[in-house]
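Structure first, then comments.
What's counted below: heavy atoms across the whole structure, side chains too, no hydrogens, waters or symmetry copies.
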Amino acid sequence: MTLDFEVADPQDIPAGRLTLSACVSRFDSSAGHAPIDVVLQGETLVSDFTVPFGNETPHDSAVVIPGRLLKKGTNTLEIRVSPQARSVFWLYRLTLDPVPEQVRPEHARSEGADTTEAAPVFAFDTERRSVPFSPSAPWQRAPRLLFHIDRDEKTLPSQLSWRRMDGAESSISFQADMSEFHGCHRAADGAVYEFRGRLAGRWPFPEGLENTSASALHRFSTEEEGDGAWHGSPELRLLVDDGGAHVERVSWRDQRGDSGTIMLHAVPDKAEVIGVKANSEFVAAGETADKVLDDSLQTKWLTGGTCGYLIFTFARPTAITSYSLTSANDFIDRDPRDWTLHGSDDGHTWTPLDTRTNETFPRRHETREFHLPAKTPAYLKYCLYITQNSGAGETQLGRVRFDEGTGRAFTGYYQRVDEGPVGYRSIPAATVPTAPTPVAPPSGSVSYTSVFRSFARQHGVSDDAITRILWHVQPAVHLRLEDPHRVGPEDHVVGYVGGLPEMPLDAPWELGNYFVASLDLAAIPKQHLDDGIPREGHLLLFADTDYHASDGGIAPVIHVPPGTEMAVRPAPAERYDDDEEEDVQEVLERQVLILQCASAWDFLDWVPDPGDEWDDDTDGDEKEWYAQLLSAVEEYTARVGHPPVIERTTGKLRGVELNPPYTRANYGSDFLRKREEAVIMLWNDPERFDELYSRALEEAGGGDEGGPWLNLVEFGEDSVFHHGDGELGWVIRRGDLLAGRFDRVLHSYNC
């Protein structure tokens, strides 16, 4: 067979890919034999090439065409069946595609090499159309589909179905050349869609996976059942990523007719607890809290009263899949009956995770296991709060164990064409990292969004929702001012307000400036949505004595690096020539700063509280933008497992000013419109978020160098000065915040 094709400019095509969909007919009862030569411009590329798995089912084989053999204008390709052929070579389809340099496999870059592309990575641009629909119903763009399934059988899929952990499911069928697919999709809320896609790219594994979550791609060593026993089978590589939650079930059929179905599940492993403390314990008898971590059945924890609690600290934030309680050696009425397991990032804000009532332990040393929902987030601390025992005056426990899902495994079946199904299972192998190890970005290009995007993706939050949240939300840390005599042992102290400050020896403190606050940045936990403030050293805040008139003026703010020698400074004073008395700087009342909430969000613009009505003059687009934002926050809450704290208040680090001056912090509808533009522009390239966001912020800030003003710290005027009803704060341009230029902070007062 001879094929002529045209090339406009061979310099743009460093290589080509010739794909043959073909098979060889059988010869009597044995495999057929019909080798071929592939010839381009008279030069043989492949000689005596035999289609793998030669039978009556078409198989795709790929041959690399060196760019040096391509010429401008007409090119001639020939496929010649060998004279030694004993059976028939059937050619079903032939495609010839250019291979751009950036996606060429390494082994194909040497001219003259040939390859059979077995199970590549596929990317499809997709669309959905709601059901029921009319013939004129529009198709809506949907997230990219990325998948890779490889059992080392060198064949392409013909059908693929999957179900996600959030309940959404899809089923699709491919064109034989993998150029398109068509199918159906059911969303997590039950809505049904027609589903289609067009090939956007295909690459040899592991290329094309740089932006894929490491937890979405798995490698499994596998076994198949046969003759009453389990036998080793080829390794399975599995990736199905449609922009939503991770998959829990996958089914596929390949172009030979072989098929498989697997259900994924977590593999429990004992979590590492490094410390435990209780409300009380019997030390003299050795019945202390740490005994619940022993393996021995002869020890226990005992506390007085009908209730009590144990707080466990883990070596790292851990997502618990289950926990086990073991009854102690005596007195069944001391066993826990009602309890709640809580999780916390900081030991101060607790989230209920599992509540049990009327539980019993009929036997001594009996272990009972309790499972948590699959989407339970990771926490650093867990509290087992026993609210009622079984009737005694004391409460006891033998052992407590926590398990985490550290790996993935599957169970399922596999069926070869014309054969019956067999059992198919895995032993979990290491999840393959698909992205390069993060490195420190160059100066001036720091990304403060990658951690949040990675965290949200791992919990199944869509990139659209992540983009809307990052665009519209400012992270905040809520602080509480407390009288020093009322600070308890469980309070998380992060600094102080008023009094005489501890300062670097050479730092200036001039008469006319109140010392307002010192923040111990290392004591403030970071949240996934980064606020851009370093977590090392101290931040000292000062305000003009006439702070009411100081809005817009340079405020003395000092960032003290860790390790700097510091000392308590006396208040500055000055005696004028004609005065007998010395003028001494007034010192504010000392108060302690307590961490109230380490992870809160503020919206950039004013929005009504839930249930409140919009103003009559509110633009319809603004209502729609707000609805889209709320939908993104609801999706985040559902996927991550707990709602973010959204409450605009004073007493906070970062966030948004309570009453921002319009000339300084008015982002406006134009900025919101660009949010929705960014959602579309970032559909297939979400890592460009920082670029688009920075540009839009700079324009929203009037084009001023450094971008718009952001809130740094804000306190209520009454909480600091014990009078007034305004807000006392400090603001900084975004560029200065990212660069750590705290000497450019402005003082802010709003009444």
Where do His348 and Asp346 come nearest, in terms of heavy atoms and distance?
-> N-OD1, 2.8 Å
Got Trp601 and Val645 here, is their nearest side-chain heavy-atom distance under 4.5 Å?
-> no
Worked check of side-chain contact (heavy atoms from CB on, under 4.5 Å) between Leu529 and Phe455 = CA-CA 9 Å; Leu529 189 56; Phe455 169 80; over 6 Å; no
Any idea which heavy atoms bring Leu521 and Arg535 closest together, and the distance?
-> O-CD, 3.3 Å
Euclidean distance, Ile646 CD1 relative to Leu630 CG, rounded to 0.5 Å | 7.5 Å
For the pair Phe515 and Tyr496, name the ring-plane relationship: parallel under 30°, tilted 30 to 60°, perpendicular over 60°.
-> tilted
Closest approach of His342 and Leu353, non-hydrogen atoms and distance?
-> C-CD1, 4.0 Å
From Trp301 atom CH2 to Leu293 atom CG, the distance as rounded to the nearest 0.5 Å = 12.0 Å
Taking atom types as modelled, is there a side-chain donor on Glu727 or Asn659 under 3.5 Å from an acceptor on the other?
-> yes
SG of Cys597 to NE2 of His478, rounded to nearest 0.5 Å, is 6.0 Å
Determine whether the side chains of Thr395 and Thr303 contain a donor N or O and an acceptor N or O closer than 3.5 Å.
-> no
Tell me yes or no: between the side chains of Lys381 and Thr313, is some donor less than 3.5 Å from an acceptor?
-> yes
Candidate pair Tyr323 and Leu341, rule side-chain contact (heavy atoms from CB on, under 4.5 Å), full reasoning | CA-CA 9 Å; Tyr323 64 99; Leu341 182 69; 3.7 Å; yes
Evaluate side-chain contact (heavy atoms from CB on, under 4.5 Å) for Val292 paired with Asp290, printing each intermediate quantity in order.
-> CA-CA 5 Å; Val292 299; Asp290 60 307; over 6 Å; no
Examine distances only and state if a side-chain atom of Gln591 and a backbone atom of Gly499 form a donor-acceptor pair shorter than 3.5 Å.
-> no
Are side-chain heavy atoms of Val656 and Asn711 found at a separation under 4.5 Å?
-> no
Give a yes or no on whether the backbone of Gly726 and the side-chain of Glu717 come within a donor-acceptor separation of less than 3.5 Å.
-> yes
Qualifying residue for side-chain contact (heavy atoms from CB on, under 4.5 Å) with Arg654, from Val713, Val477, Leu710, Ile732 | Leu710
Closest non-hydrogen atoms of Arg648 and Asp602, given as atom of the first, atom of the second and distance, are CA-OD1, 3.9 Å
With a 4.5 Å limit on heavy-atom distance, are the side chains of Pro501 and Trp509 in contact?
-> yes
Flag the pair Arg695 and Glu691 as a salt bridge only when some basic side-chain nitrogen lies within less than 4.0 angstrom of an acidic carboxylate oxygen.
-> yes
Give a yes or no on whether the ring-centroid distance for Tyr636 and Phe452 is below 6.0 angstrom.
-> yes
Once the angle between the rings of Phe742 and His559 is folded into 0 to 90°, is it parallel (under 30°), tilted (30 to 60°) or perpendicular (over 60°)?
-> tilted
Looking at residues at least two apart in the chain, or sitting in another chain, which of them share a side-chain contact (heavy atoms from CB on, under 4.5 Å) with Arg675?
-> Arg468, Trp471, His472, Trp625, Gln628, Leu629
Separation between CG of Leu737 and CZ of Arg744, rounded to the nearest 0.5 Å = 12.5 Å
Evaluate the side-chain proximity of Leu593 to Phe715: yes if any heavy-atom separation is below 4.5 Å, no if none is.
-> yes
Give the C-alpha distance, both sets of side-chain angles, the deciding distance and a yes or no for side-chain contact (heavy atoms from CB on, under 4.5 Å) between Gln458 and Ser454.
-> CA-CA 6 Å; Gln458 289 174 8; Ser454 175; 3.4 Å; yes
Would you confirm whether Arg688, through its side chain, and Ala678, through its main-chain N or O, come within 3.5 Å as a donor-acceptor pair?
-> no
Nearest heavy-atom contact between Pro336 and Ile386 is CG-CD1, 3.8 Å
When you check the gap from the basic side-chain N to the acidic O, do Arg480 and Asp491 get nearer than 4.0 Å?
-> yes
Would you confirm whether Glu714, through its side chain, and Leu658, through its main-chain N or O, come within 3.5 Å as a donor-acceptor pair?
-> yes
Thr449 and Asp690: side-chain donor and acceptor closer than 3.5 Å?
-> yes
Pairing of Glu657 and Lys652 as salt bridge, 4.0 angstrom limit | no
Closest heavy-atom contact between His538 and Ser518?
-> CD2-OG, 4.1 Å
Can you say whether the rings of Tyr379 and Tyr382 are parallel (under 30°), tilted (30 to 60°) or perpendicular (over 60°)?
-> perpendicular
Indicate whether the side chain of Gln585 and that of Tyr514 have a donor and an acceptor atom separated by less than 3.5 Å.
-> no
Do Arg741 and Asp736 meet the salt-bridge criterion of a basic N to acidic O distance under 4.0 Å?
-> yes
Does Glu687 come within less than 4.0 Å of Arg457, counting only side-chain N to carboxylate O?
-> yes
Indicate yes or no: at least one non-hydrogen side-chain atom of Asp725 is less than 4.5 angstrom from one of Asp718.
-> no
Please check if any side-chain donor atom of Thr288 sits under 3.5 Å from a side-chain acceptor atom of Glu281, or the reverse.
-> no
About how many Å separate OG of Ser322 and CG of Asp354, when rounded to the nearest 0.5 Å?
-> 10.5 Å
With the side chain counted from C-beta on, respond yes when Leu682 and Leu692 share a heavy-atom pair under 4.5 Å apart, and no when they do not.
-> yes
Are Arg401 and Asp403 close enough for a salt bridge, meaning some N to O gap below 4.0 Å?
-> yes
Between Leu604 and Val473, is any pair of side-chain heavy atoms under 4.5 Å apart?
-> no
Any chance CD of Glu272 has more than 12 other-residue heavy atoms, nucleotides or ligands included, within less than 6.0 Å?
-> no
Can you tell me how far the NE2 atom of His747 sits from the CG atom of Asn513, to the nearest 0.5 Å?
-> 9.0 Å
Under 4.5 Å between any side-chain heavy atoms of Val560 and Leu540, yes or no?
-> yes
